[in-house]
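Report on one structure; see the data block that follows.
Only a predicted model underlies this, so the values are computations on that prediction, with no experimental measurement involved.
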Amino acid sequence: MTNGSNTPQDTPNAMMMMDGSDGADITVHATEILTPQDYEAFAAKHLPDFGYAIKDFKTFTWNIRNWKKEEEMKSPTFECANRKWHLKHRYAGDETDWGFKRFFSLQALGSPTEGQKRPVIENNSMDITVYMRVLDDPTGVLWHTFNGFDFRKETGFVGLKNQGVTSYLNTVIQVMFHNHALRKAVYQIPTENDNPSKSIALALQRLFYHLETSTEAGTQSEGAIDAIFSAEMKSYFHTQGMRNLAESFEHYTTKEKIADYGVENSGLHDAEKGLEFHSFAPYLVLQLMRPGSISTSFYLLPRQKVPLGYRLHAVMAHFGSVNKGRYVAFITPDKGPPAQKRQVFEDNYGGTLRSASSQNEISRAAVLVYVRESADEVLRLLLDESIPPPLKKIIDDQSFFEDQKRKNKEKKEKNTHLDIKVVTKRTFERHEGFDLANFSKVQWPVSELSTFRVPKEEDYATFKRRIADYFNYNEKEIRFWVIVNRVNKTIRLYNRIQDDTTAGAESIRKENATPSGELRLYLEILNKPSKPDPPQSMLIFLKHFDQSKQTLLGVGSIYINRKHKVSTLIPVINQLMRWKPETLLNLYEEVRPDLIEKLKPNFTYAQGELDTGDIICFERALSQTETGDLKSKGLHTEASSFYYALLQRVVCTFVDSSNKSFKFDLTLSKKDSYEVMSNKVGKHLRHDPMKFLFTVAHGVAGRPHVTLKRKTNQTLVEMLAVKEYSKPIVYYEKLDISILELELNRSLDVIWMASNNRRTSMHTFVLKKILAVKELKTRLSAVVGRPHVEPEKIRIFQISEDGRAQKEFESPNMIYSIPESGHIYAETMPISSGHLSPLHGDRLLDVFHFSQEFNRIHGVPFKFVVKRGEKFSDTKKRLQARIGLSDSAISKYRFALSIADFKQPLYLTDGTFSIDS
């Protein structure tokens, strides 16, 4: 946007760039000032390049010369790609957002913002320029949100859900599935007598079967998988760093001369070491980074005359960083929307993707799959008879896979059907908790609700008849109320469905703004169906708090007159409960879970602001003796305090860490201490409560993560991640010793780093927390040294939070000072790193690893001595020795000096740097 005078708002700036290679020149580039009227250049700078051909490009400037004149403004029409467009936005009291999340305040529009010399609106005028590109989308799904997208219908395939860090496995399975010969061979594996819960072969057959869409012809499985994947060779070496596949194979088969090779009983001899391919598989899987076609005939011994050209079949690419990301498979399809060649090739060379959706991810081809051009059997489409009938019978057997088929059916019906959950009087009477029922909050017991799946377009009369038949009611004797979530986080009646409505189930759901995917109804039984509701009446629900049983349960519902006083309800309740007429009651309104208000008997219901669907809780008024007796037992005497206890209630799942199939639920309080939780678990398992070790589970996979400490001042809600819609999971381990004794000790897993900064082994020690780190060094020296390592030469450390340095623990430090989070490492300072001489200006620096970009840190940092006055070429040789790299490997490394967090790194070259420069 520009102001009314079209004055450019960009200010001049300059950028300095320095290449990291030898003999680099420093160049200064002045950035050209772009205005919105430089249409092509402005669009090229600000519109993301998706790599698609541009069919049409138009710009249009809307000149607004009287900004305050109208609340609703609409631009003149402009044309692009043979269609007419206009800009429009309305700001009103009931439409202040329209999906936009960021706004200018009115004051900001009329004043220059930071970095600008003039305001957006000047003299009540402004220009809004739109830049519109129409792209040629060969895939047809560039702008598709895929909500409601039928992948099987449109593409012929379905995907695999990520079960938590399974994206690599998912892509491998998808690639293997599209190897038709392999799929056929898998189908032929005999699994008729396998246990479905333990057979990996049957699980793979089931997976392929469910991924199957088009089916076509096959062979026997014996030897088939070997024929697809096997190659014959004499030895194996891993190669890396080659520029292309030809160089990789050339390097792979190059002979290596070895001097003074030791031969048993024969002494030292000069020798040659190499590799020879005798045959190639029709299906090659290569961990390379450059896609393309290849020919392998040259590398076969003896030479073969058969054509051995290969074509690229699939690319498995990694998107993300060194520490996290996801895998995606690009596969030559039988049908469906194609990926662009740019997505498969250019985007996967390795580098940063910069687009509207990629969020600057690093993309890199991880695995390439090639198919021999003469190997038709690998990609030949399968016929239905390729799946053996016994296997079909096993997979289709209801006793094995009923649950999976039910889930598939539910998923298929998600877009066409609607779930109707019905709350009845019986449901309400069995519900102990807030609201009419508990639909999904697992921190309390979830209500058992009758659920009906009906077509979304099914009319009200039809599904009412369906539900009436299920409960054995005459449809004229019942009616339904829609249940909704109120703003105050309660669940109440909202609207009664009129019997004469012709609306469908989905229309009723939308009209009443109920949760997407389901319609919640309350079934009311009419005492006198033909009699109309009395005037000024409203339907109220009643709950009874029984102090003697410490229960809060629903009683039923009644119609009351909103003009009547609250006190008129007391004789009605006494009659309903068959209590004496003179029984005194306390009445409360369940406003919301954390607000239970005592009702005033002399107020009318209207004065108390009660309405249809509200809930009134009643209790008997106790004598002082009864109250004192209950309090002495630690019981609740009033409904309000019991409601508060309910609010603190949480259901936890406890899992045996040694046998994860054994688990159970316990209802606890958020206010419970560690001791209370341990006592309840001990009582349930009949085990000493002081002999448990509890571990909290976090993350998608729900694995043990953090050990719970036995603290007297910590409550359950502080120890666990308590949420409304998921149960906290706690793993427990039965101990042979008391937790008190265990807490005096610390179990330490120490990773031993070799002199070349590589992990070599892990050692576990159990030490008293009050011992010094020196004791840990002594224990380490006894198990890691050949030759013996002196304890004082061992360094114990953890990695700093930013991953760039070691956090060392000196010998006098106590064991308890080592943080429990993070790995513990140990090493000795190698001689190749040099000797530290502070008097000569030497410095001990931390060296860390990064990949491509300075902030992509990985690996374990190490200490290194930098000598004063030493040229970097000599420093580099010592670094090479420190990390144990060959000359060819070290040539691919870049080295940089981290000066400060807010400054760019200084890349080092062999001849231009020393520590005193």
Side-chain angles (χ1 to χ4, degrees), residues 423-429 431 433-437 477-484 486-488 490-499 512 521-547 551-622 637-640 642-643:
V423 176
T424 63
K425 181 176 182 291
R426 183 178 179 84
T427 307
F428 179 60
E429 289 173 348
H431 172 58
F434 306 104
D435 304 317
L436 303 175
E477 296 176 348
I478 62 173
R479 63 184 178 192
F480 291 104
W481 295 76
V482 178
I483 299 174
V484 300
R486 287 183 179 176
V487 178
N488 64 354
T490 59
I491 299 174
R492 298 289 188 269
L493 300 193
Y494 175 66
N495 192 20
R496 181 166 61 85
I497 303 177
Q498 301 299 321
D499 284 336
N512 294 278
L521 300 178
Y522 173 70
L523 186 154
E524 180 190 2
I525 303 172
L526 302 176
N527 293 326
K528 298 180 179 179
S530 59
K531 186 177 180 180
D533 295 336
Q536 299 292 324
S537 65
M538 54 186 184
L539 182 63
I540 293 293
F541 290 86
L542 299 175
K543 288 182 180 179
H544 172 218
F545 171 54
D546 189 330
Q547 295 102 320
T551 58
L552 176 70
L553 297 172
V555 174
S557 60
I558 60 170
Y559 278 92
I560 58 176
N561 191 308
R562 66 182 67 248
K563 293 185 177 181
H564 288 177
K565 290 186 177 181
V566 173
S567 57
T568 59
L569 184 59
I570 293 177
V572 177
I573 293 175
N574 284 334
Q575 183 178 2
L576 184 66
M577 300 298 293
R578 298 181 179 178
W579 291 339
K580 295 180 179 180
E582 63 272 16
T583 302
L584 299 178
L585 304 178
N586 297 321
L587 304 179
Y588 303 85
E589 182 191 357
E590 185 183 305
V591 181
R592 60 175 190 263
D594 61 342
L595 181 59
I596 310 300
E597 288 187 340
K598 196 168 186 177
L599 294 175
K600 298 178 180 179
N602 293 327
F603 272 38
T604 65
Y605 295 107
Q607 289 174 322
E609 298 181 349
L610 274 80
D611 204 347
T612 291
D614 284 340
I615 298 173
I616 293 178
C617 173
F618 62 88
E619 66 186 14
R620 287 192 310 108
L622 301 177
T637 59
E638 294 182 346
S640 55
F642 188 81
Y643 268 107

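Rounded to the nearest 0.5 angstrom, S557 OG and Y522 OH are separated by 3.5 Å. Rounding to the nearest 0.5 Å gives a distance of 10.5 Å between CZ of F480 and CD of E524. Rounding to the nearest 0.5 angstrom, the gap separating the OG1 atom in T583 from the CD1 atom in I570 is 10.0 Å. Considering CG of L493 and CD1 of I483, their distance stands at 6.0 Å, rounded to 0.5 Å. Note that the OG1 atom of T427 and the CG atom of L436 stand 10.0 Å from one another [nearest 0.5 Å].
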Donor-acceptor pairs are to be reported for all side-chain atoms of residues 537-544 against protein atoms at under 3.5 Å, with residues two or more places apart or in another chain.
{"unit_1": "S537", "atom_1": "OG", "unit_2": "P534", "atom_2": "O", "d": "2.7"}
{"unit_1": "K543", "atom_1": "NZ", "unit_2": "G433", "atom_2": "O", "d": "2.6"}
{"unit_1": "K543", "atom_1": "NZ", "unit_2": "D435", "atom_2": "O", "d": "2.8"}
{"unit_1": "K543", "atom_1": "NZ", "unit_2": "E590", "atom_2": "OE1", "d": "3.0"}

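Shown here is Q575, whose CD atom has no more than 12 heavy atoms of other residues, nucleotides or ligands within 6.0 Å.
Annotation: side-chain contact (heavy atoms from CB on, under 4.5 Å) contacts of R592 (sequence neighbours excluded): N488, T490, D594, L595. For F545, the ring pair (Phe, Tyr, Trp, His ring centres under 6.0 Å) partners two or more places apart in sequence, or in a different chain, are F642. For Y494, the ring pair (Phe, Tyr, Trp, His ring centres under 6.0 Å) criterion is met by no residue, not counting sequence neighbours. For K425, the side-chain contact (heavy atoms from CB on, under 4.5 Å) criterion is met by E429, not counting sequence neighbours. For the salt bridge (Lys or Arg N to Asp or Glu O under 4.0 Å) test, no residue two or more places apart in sequence or in another chain qualifies with D546.
Contact record, T568 with Y605: OG1-OH, 3.9 Å, taken as the closest heavy-atom pair. Closest non-hydrogen pair, R479 versus L526, comes out as NE-CD2, 3.4 Å.
When the options I558, V555, L569 are evaluated for a side chain to side chain contact (heavy atoms under 4.5 Å, CB included) with I616, the one that passes is L569. Among N495, V423, T612, the single residue meeting the side chain to side chain contact (heavy atoms under 4.5 Å, CB included) criterion with W481 is T612. Screening R492, R486, R562 for a salt bridge (Lys or Arg N to Asp or Glu O under 4.0 Å) involving D611 leaves a single residue, R562.
Between V482 and L521 the shortest side-chain heavy-atom distance falls below 4.5 Å.
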Would you sort out whether N586 and E619 count as a side-chain hydrogen bond (donor to acceptor under 3.5 Å, both in side chains), showing the intermediate values? CA-CA 5 Å; N586 297 321; E619 66 186 14; 3.1 Å; yes

Please test V572 against L576 for side-chain contact (heavy atoms from CB on, under 4.5 Å), starting from the C-alpha separation and ending with a verdict. CA-CA 6 Å; V572 177; L576 184 66; 5.5 Å; no

Give the intermediate values and the outcome of side-chain contact (heavy atoms from CB on, under 4.5 Å) for residues T604 and N561. CA-CA 9 Å; T604 65; N561 191 308; over 6 Å; no

I would like to know whether L552 and C617 meet side-chain contact (heavy atoms from CB on, under 4.5 Å); could you show each step before the answer? CA-CA 9 Å; L552 176 70; C617 173; 3.6 Å; yes

I would like to know whether L610 and L599 meet side-chain contact (heavy atoms from CB on, under 4.5 Å); could you show each step before the answer? CA-CA 10 Å; L610 274 80; L599 294 175; 4.0 Å; yes

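In terms of modelled atom types and a separation under 3.5 Å, the side chain of H564 and the main chain of S567 share no donor-acceptor contact.
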